[in-house]
Amino acid sequence: MAKVILEHVEKIYPGGVKAVEDFNLEIRDGEFVVLVGPSGCGKSTTLRMVAGLEEISGGVVKIGDKVVNEVPPKDRDIAMVFQNYALYPHMTVRENMAFGLKLRHFPKDVIEARIQEAARILGLGELLERQPKALSGGQRQRVAVGRSIVRKPAVFLFDEPLSNLDAKMRVQMRVEISRLHQQLGTTMIYVTHDQIEAMTMGQRIVVMKDGLVQQVDDPLTLYDRPLNRFVAGFIGTPPMNFLKGVISGPAERLAFESPDGFSLPVPASQRAALAAYAGKPVVMGLRPEDIGSAAAEHLAGAPRLKAVVDVVELMGSESFVHLAIGAAALTSRVDAHRRFKVGETAEPAVFIDKAHFFDPVSEKRIG
């Protein structure tokens, strides 16, 4: 096992295009860290620079205590799992898993012992003599992970490994990879564009946008205290609702006034931070579960909104109710047994203490 340190790492392509800019992160020995962000944000490029598959334009990458900027990929003591599995189609599962060890001239008994250990961990015992074409997508991905396990690397790198799987298999593989980390205790860096994968798997999450790190935190801190509007909108399903308005009233009774004709009180815990915005525009963020949910409805004195039901999405145990207030659109996440009809007027309660406020220009969190 080993820690991984990136200091002021950047990647600049010909023409001056910056794919990654001033990336700084220390990944602790045995930690599971997820890089997440939209397509083109630089997360896979960062991973490939750690792997040595992409040349570093600036900065330093360390694995353990060793600077690896000029070290070839095969000598970095890492194993990488790709989204396309990268299995040899003419080889059996056993042969695919053994291939890397044979190239390194490991003894046959050591190779077999490692294959059996990986097969036990991943449930591949009955598949060792099959070729990849006889396997499902999930089984192929487990073989790709097994091929990495047998090498016993210091660091595992995962580049969107679940992208080609169906929804049910993605859930299963998320659990299997998380369990694998618990069993092996090896440092793992995982890249995905799926924030659900990031939230369910990562001990810490690195949110990226346009080559820049936006926030690094544990999942709950990211969710509860996003540093800016991008992180707030990217983390969470459905995404956070954003409303434009102005802060008004005296310091002891500040309110958020919307141009769509409604007003919401500023929570007491946030009045001091928002006092400087009196008479100025801000953006309020409300999570869907903080509008009309049981927690909000049963909160004594909770403010209410008057809205028209636009669309209702039944998700099984819950519903996503899309509401319209003038030109403003909101999504509420409620129990599926609460019945809403399209076109009716609803008055959902708001859990106002959970509201977030952002500067409309810098988009940074206020308070």
Side-chain angles (χ1 to χ4, degrees), residues 1-2 30 32 34 44 47-48 50-54 63 71-192 194 197 200-201:
M1 296 187 289
F32 195 131
V34 179
S44 288
L47 193 76
R48 290 173 65 84
V50 174
L53 302 177
E54 196 78 58
I63 297 178
V71 176
K74 65 183 181 65
D75 297 326
R76 295 194 179 196
D77 199 13
I78 56 96
M80 192 160 182
V81 180
F82 301 92
Q83 71 180 75
N84 62 357
Y85 319 134
L87 301 177
Y88 295 106
H90 62 288
M91 294 183 181
T92 64
V93 169
R94 183 190 302 276
E95 291 167 339
N96 265 285
M97 292 170 68
F99 187 72
L101 299 181
K102 287 182 177 179
L103 288 179
R104 290 168 174 79
H105 307 293
F106 276 73
K108 288 184 178 180
D109 60 332
V110 173
I111 293 175
E112 182 60 23
R114 291 194 180 187
I115 289 173
Q116 291 299 331
E117 181 186 13
R120 177 184 58 78
I121 291 171
L122 295 169
L124 296 172
E126 297 179 357
L127 307 177
L128 290 176
E129 305 310 322
R130 294 189 192 180
Q131 291 184 331
K133 64 183 178 183
L135 304 176
S136 68
Q139 290 169 335
R140 292 179 193 178
Q141 193 55 278
R142 292 213 304 275
V143 174
V145 173
R147 186 177 54 190
S148 297
I149 289 176
V150 297
R151 292 181 52 195
K152 296 186 181 295
V155 181
F156 281 95
L157 306 178
F158 294 87
D159 190 7
E160 305 212 36
L162 311 186
S163 296
N164 293 334
L165 303 180
D166 60 45
K168 182 178 180 181
M169 186 56 66
R170 281 201 301 273
V171 173
Q172 181 180 332
M173 285 301 299
R174 286 204 312 259
V175 174
E176 290 190 13
I177 293 174
S178 295
R179 184 183 295 122
L180 177 67
H181 179 254
Q182 293 170 13
Q183 291 176 327
L184 300 180
T186 310
T187 306
M188 294 186 176
I189 308 175
Y190 188 103
V191 160
T192 181
D194 186 335
E197 281 183 31
T200 55
M201 299 173 74

Is there a donor-acceptor pair closer than 3.5 Å between any side-chain N or O of [X] and the backbone N or O of [Y]?
X: Arg142; Y: Leu122; value: yes
X: Arg130; Y: Val93; value: no
X: Asn164; Y: Gln83; value: yes
X: His181; Y: Gly30; value: yes
X: Arg104; Y: Gly100; value: yes
X: Arg94; Y: Leu128; value: no

Exercise for the section: Kindly indicate, with the supporting measurements, whether the criterion side chain to side chain contact (heavy atoms under 4.5 Å, CB included) is fulfilled by Leu101 and Val150. Expected result: CA-CA 8 Å; Leu101 299 181; Val150 297; 3.9 Å; yes
Closest contact, heavy atoms only, [X] versus [Y]:
X: Arg174; Y: Thr200; answer: NE-OG1, 3.2 Å
X: Pro132; Y: Met91; answer: CD-O, 3.1 Å
X: Ile63; Y: Ala2; answer: CG2-CB, 4.2 Å
X: Leu53; Y: Met80; answer: CD1-SD, 3.7 Å
X: Gln141; Y: Val81; answer: OE1-CG1, 3.3 Å
X: Glu160; Y: Thr192; answer: CG-CA, 4.1 Å

Handout entry: Glu129 atom CD: more than 12 heavy-atom contacts under 6.0 Å
Key =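 Yes, CD of Glu129 has more than 12 neighbouring heavy atoms, counting only those of other groups under 6.0 Å.
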Measure the [atom1]-[atom2] distance between [X] and [Y] for me, rounded to the nearest 0.5 Å.
X: Leu157; Y: Phe82; atom1: CG; atom2: CZ; value: 9.0 Å
X: Asn96; Y: Leu124; atom1: CG; atom2: CG; value: 11.0 Å
X: Gln139; Y: Leu87; atom1: CD; atom2: CG; value: 11.5 Å
X: Asp159; Y: Tyr190; atom1: CG; atom2: OH; value: 10.0 Å
X: Ile121; Y: Gln183; atom1: CD1; atom2: CD; value: 5.5 Å

Exercise for the section: For Met173 and Glu197, run side chain to side chain contact (heavy atoms under 4.5 Å, CB included): C-alpha distance rounded to whole Å, both residues' side-chain angles, the deciding distance at 0.1 Å, then the answer. Expected result: CA-CA 10 Å; Met173 285 301 299; Glu197 281 183 31; over 6 Å; no
Practice task
Apply the side-chain contact (heavy atoms from CB on, under 4.5 Å) test between Phe106 and each candidate in Arg151, Arg114, Glu112; give the one that qualifies.
Solution key: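 Exactly one pass, corresponding to Arg114.
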Practice task
Look at the rings of Phe156 and Phe158 and say which category their plane angle falls in: under 30° parallel, 30 to 60° tilted, over 60° perpendicular.
Solution key: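 Answer is parallel, since the angle falls under 30°.
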Problem - Close side-chain approach of Leu47 and Ile189, heavy atoms under 4.5 Å - result: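 Result yes, sub-4.5 Å side-chain heavy-atom pair found.
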Exercise for the section: Indicate yes or no: does Lys102 engage Glu95 in a salt bridge with an N to O separation below 4.0 Å. Expected result: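 No, this pair does not count.
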Exercise for the section: List the steps, then state whether side chain to side chain contact (heavy atoms under 4.5 Å, CB included) holds for Leu180 with Phe32. Expected result: CA-CA 11 Å; Leu180 177 67; Phe32 195 131; over 6 Å; no
